[in-house]
Structure formats: structure tokens, C-alpha cells
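Report on the following structure.
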Amino acid sequence: MSVVVRFAPSPTGFLHIGGARTALFNWLFARHTGGTFLLRIEDTDRKRSTTEAIDAIFESLKWLGLDWDDEPVFQFARAPRHAEVANNLVKAGRAYYCYCSPEELEEMRAAALASGKPPRYNGYWRDKPESAAPDGVVPVVRFKAPQEGKTVIDDITQGTVELNNEQLDDMILLRADGTPTYMLSVVVDDHDMGITHIIRGDDHLTNAFRQYHLYKACGWDVPRFAHIPLIYGPDGAKLSKRHGAVGAEQYRKMGFLPEALKNYLVRLGWAHGDDEIMSMSDAVEWFDVANVVRSPARFDTAKLMSLNAHYIRESSNERLLQEIREMLLERYTKPQDEAFLEGLKRIARGMDGLKVRAKTLCELAESAMFYISAPTFDEEDSLQAAGKKEEFSASLAMFLECIEPLSESFDGALEESIRDFCKKRNVSAVTERIGGREHRSTGAELRLRTAQAEQRRAPGKVSDFVGAPRDEPANFRGLGISIGALLQPVRIALTGRKVSPNLFEVMTILGKEEVVKRVMAYINA
RNA sequence: GUCUCCUUCGUCUAGCGGUUAGGACAUCGCCCUCUCACGGCGGUAACAGGGGUUCGAGUCCCCUAGGAGACGCCA
């Protein structure tokens, strides 16, 4: 018999992360067994079921790449069929009309609770004759649940689970307004859809006992159940909104890749030996519901992050650029223009250096912004506030001296202003403070040594203006200059951040003119 | 309150009667290094407690404790 499974979310506005895992497990099981994965929207609660809510679920499933077979089934549309089944059960004596009011039921529950019993319906109308029915009260239809013996369910993940039938009460099948309840609808739909395996959250385990008898009363085969444990929040309680993000869509917005989320979710409650990173084709090949662990798992954002970082690193630069384009434009705050497009090209070149440092697409976009527009330095800048402005400026001046002599095609006016600046600061003539230490070196000396190094090198070897500090660090060390101290201010000036990709790479991509411009801008800020 | 389920490092888990209890994330240290990452190496860290069964128990059984879920004319 071929496997048929389904994912049956109720449209509450978004796809819950726990629902996403349930969908994923169903999908994996179907794909592994060569079976069918169906989708059913449980939209019988008319108040909550909006088209937006339904679309949100479709969107998230598509984003995750959990493709379903056939058209989705909308449960509400099948209400007449559900009612038909309920009425047949009444005719067959397996269900009956109940005239209790909601208030009476409330009292009943309170009384049961007070006497130490479970708060349930006491079957008041179960054996009452039709003639006892009060006038003007529209009844509900209740299922006659067995009152003796026990129900045994052989659950694929939970194992054999038993329940004494006295725990069961007569559940409502049809409401007073004639609409079916969830308990009826699921059973009828699952049967009509030919579902062979019901893989769903643990919270439905007790429902399974009641549903079991409904199947039996209808003369239908009971599907196999697999009740997978719920996902908990960090505090060990069922994951809910108060724990923060619980919608798949939210994770998308936070810059997570679908493969990262899937990889994370598949490992929550299931494992294949020591394999942590696995593709979906691996998962399809390896997955088995029988191996799902019975204990619930806590959601751990840190691990998701690490997986996401992994998949970002593994992604092609083209794809990443595509993914962050919108985010970049949002941060740019101006309409897309030539400068933006130019920045995009720089990002494409620098992506290798950017992506290894990002845990989310948002971080990636944020860290790439300096390729699009120059950082701004305001009074709030922590480094200025810390009183390092002067010291940094001195380092930057020296840095300019390092790269200036290597200039080949340098804008005349800019060169002029650099010379001017250095002269004013006496950079070439006095002892400088770099990185908080005194250096008995001068820009002129540095230039000289750099030039000497230049000569030692084969002609052709110098490919760009940053060659000296990168290729001849010994020169700097020889002068007692720490390259780190020299370059950190440059990093701030060029990127506006304390961390960035390799600076020589950044400089090469930005180009000499832009580098000088940004350094000058920092100094003059 | 009643019923059901759960319990291996902080977290996710491997283990399916005999293991120095393994891996991953997190954390700490070292290396690499212009920063931060990446990468490499290493460390700290767990069988909830108590009884059985057995030559032998993380693995099987029972009890206790703790946690969670379910008890709607919601799904």
C-alpha cells in the first residue's frame, strides 16, 4: 500500500515553526517512501481563516521547498460531507442529540473538577429518549464513546500507548449551527483523502484515542499514527509567541536561508548518527519517522545561526547578492542610482570576504553597505568620543604617505591636499604616536624603505597601490610600526566599522581614489 | 484535579546489556592573522534520584522527583 500523508495547518496568520517541522517530517516521509504528500487547510474556524492567513502558509511552505502533491483540500468546503457522516452515525445509533446549554456544561465541568474528576461532559443526554427534548433548544450531535475497556494505539514514535475508556467523554461532532467540529472533520477528511499515516504534533495524542473510535464507528481503517514531540522554547514550555519569533516567515525576514532552517528543524528530534549538516536529498534518503525521538526539544537560536552561517558560506556569490539586494536598497535609503549599482559590483567582487563573516543575510547586507556608500562619522562616533581622533589621524596621515609615492595615476588636486595635510601635521619630520606607542620613525623614512623594497622586487610584481604594507610588512616592523595599529584606523575610515573583510582586499576593490577620499574625510570630520 | 508522555554535557543528539559514554552548537584556551570571522588543534561539561533483574545496566522493570501536553459548540 502506498503511503499517503498530509500536513493540515489551521490558518492562524503564519506558519508556526513547529508546524514547519511537522510539514517537513511528513514531506520527508512521503519522499522517502515514494508516497504522496497532501496539504489540507483546516479553515473551519471562519473567524480566523482569512485568505491572507492561508496565503502566508502557502508562501512559507514554498519558501521551504516543501512541495505538496495535488490541489490543497479546504476543509470548510467539505462541511456537508462531514455533516452527512455525523447524521449517519446518529441513524446508526453511534451518536445522539444533546440539548445541554453551554452554561450547563460549564457547571458540569466545575462539578466534575470539584469532585476530583476530569472536567468532562457526563453523558446526560446519551440515553435520554427523544421525547425528553426541551422545546426551542437546538441540539448538538455527540459521539457515543465507549465507556469501558481500554483503547490501545500503536504509535510509530510514541510506542504503545493505552488509555482507559472511562477517560473518554462524548465529544461533539456537529455544533448547534450544524457545522462540524475539528474532531469530526479530521477523521472524515483523513479517511476520504486516503491518509495512511498521520504524522502530527504530540498535542494531538489524546485526540487520537477519541478519533480512533470514530474511525471504528464509521467502519473505516484507522491510519497509523506518529505523534512527534513538540518544540519547546528555551524555558521548556511549548514554543509560543512569547518566546519571540515563531513564524517561518519571521525567520526569512531575519535573514535565514531556507536550507539552514530545514537542516536545523530536521535535526530537532531526529538524527542520523553524527551527521549534522545534511542536504535535503540526504535527509530524504535517511529519514525514518520510527527514529524520531520521544522527548521534546528546545529551540536553540544559536545552533540555527551557526547552520545559517554555514549555508551562507556555501552559497554562491550570485545567489547571495540576489538575496540581499532588497535589504541593501532599504539601507541605502535613496532610490537606486548609478552609485548603488556601482556598489553592487564592488560587493560582488568582495563577497568572498563578506560572506564568511555573516551569520544572517541581514548581517551580510549590513556589512556590505560600505561598498555602496562611504561611512559617515558624526560626534557620536565612539572612537572620537574616546579621544582617539588625533592618534588615528596621525596613523592615517602616515598611511597616506605609504601609498602616495606608489601613485601612478593620481588626481593632482587630491595629491596636493595630501601633501598639504602631511606637511601641516609634520608627519615626515617628527616622532609619531601610533597605536598608543611612540615610533621613532618618520613618513619619509618609511617611504624610503618602501621604495627600496620596491626595487628589490621584480618589476611587474607590484599590482596595486596597497602592495607595500601587504607585501613588505618587514619594513614596517623594522621601523617599529605595528601594521595592526597602522591599519585599524584605516579600517574605521574606509568601512566605518571595527571589523571588516581583509583590508587590502577592501582597498583594492574600493580603488585608490576612493580610499584616499574616505581617509581624508575621516581626518577632516 | 484527572489522564498521557518525557528525563544522556548549558542546548540538539549518538548509544539499542560489556564504550576511556561519541558528535554538533555554545563556552574556554592555543595556532593562523592587519581587525573580526573562516580554518586547525585542544580543554571544561552529561546518563534526575532510589530500588530491583543480571556475572555485568545509560541501555530492561518498578517507585519517587521534576518537566511538558491534553482535558472547548478552537484547531
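Chain identifiers are assigned alphabetically (A, B, ...) following the order of the sequence lines, protein sequences preceding nucleic acid strands; residue numbering begins at 1 within each chain.
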Look at the side chain of [X] against the base of [N] and say whether a donor-acceptor pair falls under 3.5 Å; ignore hydrogens and angles.
X: A:N164; N: B:C3; value: no
X: A:K303; N: B:A26; value: no
X: A:R491; N: B:C36; value: no
X: A:R357; N: B:C36; value: yes

Quick one: which of B:U11, B:C5, B:G23 gets closest to the side chain of A:R294?
-> B:C5
Listed nucleotide nearest any side-chain atom of A:V356, set B:U35, B:C38, B:U13 = B:C38
For [X] and [N], give me the distance from atom [atom1] to atom [atom2], rounded to whole Å.
X: A:N291; N: B:G15; atom1: CG; atom2: C1'; value: 13 Å
X: A:D274; N: B:A24; atom1: CG; atom2: C1'; value: 8 Å
X: A:K117; N: B:U2; atom1: NZ; atom2: C1'; value: 11 Å
X: A:E363; N: B:C36; atom1: CD; atom2: P; value: 16 Å
X: A:M305; N: B:A37; atom1: CE; atom2: C1'; value: 15 Å

Which nucleotide, in any strand shown, forms a Watson-Crick or G-U wobble pair with [N], with both distances under 3.5 Å?
N: B:G39; result: B:C31
N: B:C74; result: none
N: B:G18; result: B:C55
N: B:C25; result: B:G10

Exactly one of A:V5, A:L38, A:I198 clears side-chain contact (heavy atoms from CB on, under 4.5 Å) with A:D190, and that residue is A:I198
Between [N] and [M], how far is it from one [atom1] atom to the other, in whole Å?
N: B:A14; M: B:C9; atom1: C1'; value: 13 Å
N: B:G39; M: B:C5; atom1: C1'; value: 43 Å
N: B:G15; M: B:G22; atom1: P; value: 14 Å
N: B:U8; M: B:C60; atom1: P; value: 14 Å
N: B:U20; M: B:U33; atom1: C1'; value: 36 Å
N: B:A57; M: B:A21; atom1: C1'; value: 13 Å
N: B:A48; M: B:U54; atom1: P; value: 23 Å
N: B:C6; M: B:C12; atom1: C1'; value: 16 Å

Using a 4.0 Å heavy-atom cut-off, write out nucleotides 70-75 of chain B from 5' to 3' as B (base contacted by protein), S (sugar-phosphate only) or - (no contact).
-> SBSBBB
Base, sugar-phosphate, or nothing: which does [X] touch, judged by heavy atoms less than 4.0 Å apart?
X: A:R298; result: sugar-phosphate
X: A:G269; result: sugar-phosphate
X: A:S295; result: sugar-phosphate
X: A:V186; result: nothing

So, is the end of the A:K128 side chain (NZ or CZ) under 6.0 Å from the ring centre of A:Y124 and within 45° of the ring's axis?
-> yes
Residues in side chain to side chain contact (heavy atoms under 4.5 Å, CB included) contact with A:R319, at least two apart in sequence or another chain = A:L257, A:P258, A:E259, A:S315, A:S316, A:E323
What pairs with A:R267 under salt bridge (Lys or Arg N to Asp or Glu O under 4.0 Å), at least two apart in sequence or on another chain?
-> A:E276
Contact summary for [X] and [Y], nearest pair of heavy atoms:
X: A:Y121; Y: A:M108; answer: CD1-SD, 3.5 Å
X: A:L214; Y: A:L184; answer: CD2-CA, 4.0 Å
X: A:P501; Y: A:L354; answer: CG-CD2, 3.6 Å
X: A:R224; Y: A:D154; answer: NH2-O, 3.4 Å

Starting from the 5' end of RNA chain B, give me the residue, A:L304 or A:L113, whose nearest nucleotide shows up first.
-> A:L113
Which residue lies toward the 5' end of RNA chain B, A:F209 or A:H310, if each is placed at its nearest nucleotide?
-> A:F209
Heavy-atom side-chain proximity of A:L239 to A:H16 below 4.5 angstrom = yes
